[in-house]
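These numbers come from the heavy atoms of this one structure, side chains and all, not from hydrogens, waters or symmetry mates.
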Amino acid sequence: MSGLLNNPNLKKQPKTDPLDRGQDIKPKNTFTTDDLKSNNGKPSKPGKSVADSVTFYANVRINNHIKNKAEALSGIGLYKSQKDAIDNALDYLIDSLDAEDKRKFTFQLDILESRDVRTRGK
């Protein structure tokens, strides 16, 4: 049996790749781990990095009528999702506020955003 596997009469031909793969693809720019450690040519400071804002999922309890309105707005193709419908509706409301209410809103929003950074931005 081993004679069939090592038959000297069979010529071993080099295996060729039947697929034309084109030219080699190489990245335009490369980097090292040292590049990741630096910040625009300056070494980064050890310790915690401070974020300006953080995003995480949160829940708001709404009734079925509000949910149905958001779903209907996304269902007719005005928005991609219920989240987008609610976000744009809030933006529209905020834009329509008078100057004093907008100032109060911005102040309150900044406080809430900074709290999120402190508590979740670890």
Check: salt bridge (charged side-chain N to carboxylate O under 4.0 Å, His left out): which pairs involve residues 74-83, sequence neighbours left out?
Finding: none
Margin query: Once salt bridge (Lys or Arg N to Asp or Glu O under 4.0 Å) is applied, do any residues pair with Arg115, and if so which ones, sequence neighbours excluded?
Written below: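 None.
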Donor-acceptor list for residues 85-97 side chains, cut-off 3.5 Å, not counting sequence neighbours:
{"residue": "Asn88", "atom": "ND2", "partner": "Asp84", "partner atom": "O", "Å": "3.0"}
{"residue": "Ser96", "atom": "OG", "partner": "Leu93", "partner atom": "O", "Å": "2.7"}

Report all side-chain donor-acceptor pairs from residues 106-113 shorter than 3.5 Å, counting only partners two or more places apart or in another chain.
{"residue": "Thr106", "atom": "OG1", "partner": "Lys102", "partner atom": "O", "Å": "2.8"}

Item checked: Which residues share a side chain to side chain contact (heavy atoms under 4.5 Å, CB included) with Thr30, sequence neighbours left out -> Pro27
Return all side-chain donor-acceptor pairs below 3.5 angstrom for residues 60-76, not counting sequence neighbours, or 'none' if the list is empty.
{"residue": "Asn63", "atom": "OD1", "partner": "His65", "partner atom": "N", "Å": "3.0"}
{"residue": "Asn63", "atom": "OD1", "partner": "Ile66", "partner atom": "N", "Å": "3.0"}
{"residue": "Lys67", "atom": "NZ", "partner": "Glu71", "partner atom": "OE1", "Å": "3.0"}
{"residue": "Asn68", "atom": "ND2", "partner": "Asn64", "partner atom": "O", "Å": "3.1"}
{"residue": "Ser74", "atom": "OG", "partner": "Ala70", "partner atom": "O", "Å": "3.4"}
{"residue": "Ser74", "atom": "OG", "partner": "Glu71", "partner atom": "O", "Å": "3.0"}

Notebook entry, point to check: Taking all non-hydrogen atoms of both residues, which atom of Asp116 and which atom of Val54 are closest, and how far apart?
Noted result: O-CG2, 3.5 Å
Check: Can you name the side-chain hydrogen bond (donor to acceptor under 3.5 Å, both in side chains) partners of Glu100, sequence neighbours left out?
Finding: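 Arg103.
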